[in-house]
Amino acid sequence: MAEEIVRVGGWVAEVHDVGRRLRFILLRRGEERYQLTLKRGVVAEDLFRLTEDLPQESVIEAEGRIVSEKVARGADLEIVPERIVVHSLADRKLPLDPNWKVKALLPTRLDNRPLDLRRPEVQAIFRITASLVRGMTDWLDERGFVRLFTPAIIGGYSESGAETFRVRYFDQTAYLRQDPQLHRQLAIIGGFDKLYDLGTNWRAEPSHTTRHITEFRSIAVEMAFIRDERDVMRVEEEMIRAGIERVVEERQRELEILGVDLTVPRTPFPELRFPEVYDILKSRGKDIPYGEDYDTESERIICSYAREELGSEFVFVNRFPFSAKPFYVMKADPPWARSVDLLYRGLELSSGGQREHRHEVLVSQLVEKGMNPKSMEWFTKFFRYGAPPHGGFALGIERLITQMLGLGNIREAALFPRDPSRVLP
RNA sequence: GCCCCGGUGGUGUAGCCCGGCCAGCAUAGGAGCCUGUCGAGCUCCAGACCCGGGUUCGAAUCCCGGCCGGGGCGCCA
């Protein structure tokens, strides 16, 4: 068997000098590890000089022969180098250890995120996210959903109750979107009947929790000519199932690195409805007054119920009180609305449902919410020119990943997370 | 926005309740030893009590203020 010449580059994870005549250099490259073996008398003397005092996390590249019978444990490849190039020498004192011999706390990790990202278990999160998103978008693409890009800068009032970030826009004030919802609806009126948008949203909420960041991504679907909100739910659950299936197919190694045992969920997901939700909560010791919205603890209770009684980690909650939802949702029998949340392992993943498409009803609901119809006219006026029944949902990608991988903090699922006190790096 | 908790070498921690020997340990760093290491091992060295005020003979430890951070709730993805 001929000895193969390869070129490998990476970050110096460790250097082991064993006596004066033997040196091992362990390189890290993504999730792979390569070992360079330098024996005096076997490799050129200048390679020893070149790698003398090589600080951890320096970047080097080496060319050499693969050791055919693999001797190195814990390395994907062992190489006897013939040439080495040192690209970059790292400082000797590092703000955190990518080898993770000493664990750092999350704030320290985020302050030094590029170093933190070098860890295979951190990279795994983002490799899994890429597969998840691709699984979901492929599923949508294959079914004729068109990917559209809706604006992030909005000149007027956006939607939902969340605070917006104001931006100076030449001589006027504009806002960063909290959700691409309203423009998805306008695209429906524009004649697209199946569409999705994958993008960033911003919320200026000073939330100090493990499930909020001020900048997050969503995959948001909107579809026309639906019979009711359940058509939307069927799309959502299949999209999620397809995403998780893709992760299971493509990312076994990453799941193993993270120690996550992931199974593809069964569809359809169970559906609970108001007002029955109040009875379920009551049976588990949580008293929510009839007609009122539930709280964070309720979400966890409902998820325990769904897991124990319905055998599902995903559960839809439908027919929320209209009073708890924005003006554009379609009402069902009063006081309920065709408004659906999807919960997963105790956390809200998405909101959606059927939207109100009748202009006069839409405007009267605006008034009912105490809003000035004028302020939303930029949006509502287009409903006078022909609007089909439609609905959709927006699913938080970081939240789905956080719950799916059991990360415990949504910041883990964002590459460079933004929260009320962090905008750098 | 309201509430709770916490700040000790580069990193992660012990000590704090019950004030008092050179502030302990791990890892990273420095100097050496070791020809197959692989979380390498061994010897030695260097490195810290967030800031300000107070109590006290004496403060990392108790009290007050500030700054910074984490978390819970609310709101939401």
**Q.** Same-atom distance (C1') from B/C25 to B/A14, integer angstrom
**A.** 7 Å
Q: Using heavy atoms to find the nearest nucleotide of RNA chain B for A/Leu94 and A/Pro206 separately, return the residue whose nucleotide is more 5′.
A: A/Pro206
Q.
Please report the distance separating the C1' of B/U61 from the corresponding atom of B/U56, rounded so that it comes out in whole Å.
A. 13 Å
Q | Per A/Asp97 side chain, nearest of listed nucleotides B/U27, B/A77, B/C76 | A | B/U27
(Q) What contact category does A/Ser207 fall into here, base, sugar-phosphate, or nothing, at under 4.0 angstrom with non-hydrogen atoms? (A) base
Q | Reported CD-to-CG distance for the pair A/Gln123 and A/Leu258, which is rounded to 0.5 angstrom | A | 11.5 Å
Q: Examine A/Phe314 together with A/Tyr344 and report whether their ring centres are nearer than 6.0 Å.
A: yes
Q.
From NE2 of A/His208 over to C1' of B/G69, roughly how many Å is that when rounded to an integer?
A. 9 Å
(Q) Does the structure show a Watson-Crick or G-U wobble partner for B/G6, both distances under 3.5 Å? Name it, or say none. (A) B/C68
Q) How close or far is atom C1' of B/A26 from atom CG of A/Asn99, stated in whole angstroms? A) 15 Å
Q. Angle class for the A/Tyr278/A/Trp336 ring planes (parallel below 30°, perpendicular above 60°, tilted otherwise)?
A. tilted
Q | Euclidean distance for C1', B/A23 against B/G9 (whole angstrom) | A | 11 Å
Q | Selected nucleotide, minimal atom distance to A/Glu299 side chain, candidates B/C76, B/G39, B/G74 | A | B/C76
Q: Taking only the side-chain nitrogens and oxygens of A/Lys93, find out if one of them lies under 4.0 Å from OP1 or OP2 of B/A28.
A: no
Q: Return the value, rounded to whole Å, for the distance between atom CZ of A/Phe216 and atom C1' of B/C75.
A: 12 Å
Q | Interatomic spacing from CD1 in A/Ile213 to CZ in A/Arg411 - rounded to 0.5 Å | A | 8.0 Å
Q. Any side-chain heavy-atom pair from A/Ser218 and A/Ile397 closer than 4.5 angstrom?
A. no
Q) So, A/Asn99 and A/Arg28: side-chain donor and acceptor under 3.5 Å apart, yes or no? A) yes
Q: For B/G72, take OP1 and OP2 only and decide whether either is under 4.0 Å from a side-chain N or O of A/Thr210.
A: yes
Q) Given atom CG of A/Asp179 and atom P of B/C75, what is their separation to the nearest angstrom? A) 18 Å
Q. When you check the phosphate oxygens OP1 and OP2 of B/G70, does a side-chain N or O of A/Asn409 lie under 4.0 Å from one of them?
A. no
Q | Protein-nucleotide distance (A/Gln56, atom CD; B/U27, atom P), rounded to Å | A | 14 Å
Q: Determine the contact category for A/Arg300: base if any of its heavy atoms lies under 4.0 Å from a base atom, sugar-phosphate if only primed atoms, P, OP1 or OP2 are that close, otherwise nothing.
A: sugar-phosphate
Q: May I ask you to check whether A/His212 and A/Trp202 place their ring centres under 6.0 Å from each other?
A: no
**Q.** Presence of salt bridge, A/Lys103 and A/Asp97, under 4.0 angstrom
**A.** no
(Q) Does the structure show a Watson-Crick or G-U wobble partner for B/C33, both distances under 3.5 Å? Name it, or say none. (A) B/G41
Q: Please list, by residue number, the residues of residues 102-130 of chain A whose heavy atoms come closer than 4.0 Å to an atom of RNA chain B; answer none if no residue qualifies.
A: A/Val102, A/Lys103, A/Ala104, A/Leu105, A/Pro107, A/Thr108
Q) Between atom NZ in A/Lys325 and atom P in B/C75, what is the gap in whole Å? A) 11 Å
Q) Now, which nucleotide makes the Watson-Crick or G-U wobble pair with B/A59, with each of the two distances under 3.5 Å? A) none
**Q.** Separation between the P atoms of B/C63 and B/C22, rounded to whole Å
**A.** 26 Å
Q: Could you point out which residue of A/Lys194, A/Arg355, A/Arg147 forms a salt bridge (Lys or Arg N to Asp or Glu O under 4.0 Å) with A/Glu222?
A: A/Arg355
Q.
Distance alone, cut at 3.5 Å: any donor-acceptor contact between the side chains of A/Glu215 and A/Asn201?
A. no
(Q) Taking the P atom in each of B/C44 and B/G52, what is the distance between them to the nearest angstrom? (A) 36 Å
Q. To the nearest Å, how far apart are A/Asp341 CG and B/C76 C1'?
A. 9 Å
Q: Verify the ring-centre separation between A/Phe274 and A/Tyr294: is it less than 6.0 angstrom?
A: yes
Q | Base partner of B/C73, which must satisfy Watson-Crick or wobble distances under 3.5 Å | A | B/G1
Q) On RNA chain B, nearest-nucleotide positions of A/Ala324 versus A/Leu96: which is more 5'? A) A/Leu96
Q) Within the structure shown, what part of the strands sits under 4.0 Å from A/Ile213 by heavy-atom distance: base, sugar-phosphate, or nothing? A) base
Q.
What is the distance, to the nearest angstrom, from the OH atom on A/Tyr294 to the P atom on B/G74?
A. 12 Å
Q: Indicate for each nucleotide in nucleotides 30-38 of chain B, in 5' to 3' sequence, whether protein heavy atoms under 4.0 Å reach the base (B), only the sugar-phosphate (S), or nothing (-).
A: S--SBBBBB
Q.
With rounding to the closest Å, how many angstrom separate the C1' atoms on B/A28 and B/G47?
A. 11 Å
Q) Mind checking the C1' distance from B/G10 to B/A48? Whole angstroms is fine. A) 11 Å
Q: Can you spot which of A/Leu140, A/Asp193, A/Leu195 makes a side-chain contact (heavy atoms from CB on, under 4.5 Å) with A/Phe145?
A: A/Leu140
Q: Tell me the partner of B/C25, counting only Watson-Crick (N1-N3 plus N6-O4 or O6-N4) or G-U wobble (N1-O2 and O6-N3) with both under 3.5 Å; none if nothing fits.
A: B/G12
Q | Atom C1', compared across B/C49 and B/G12: separation rounded to whole Å | A | 16 Å
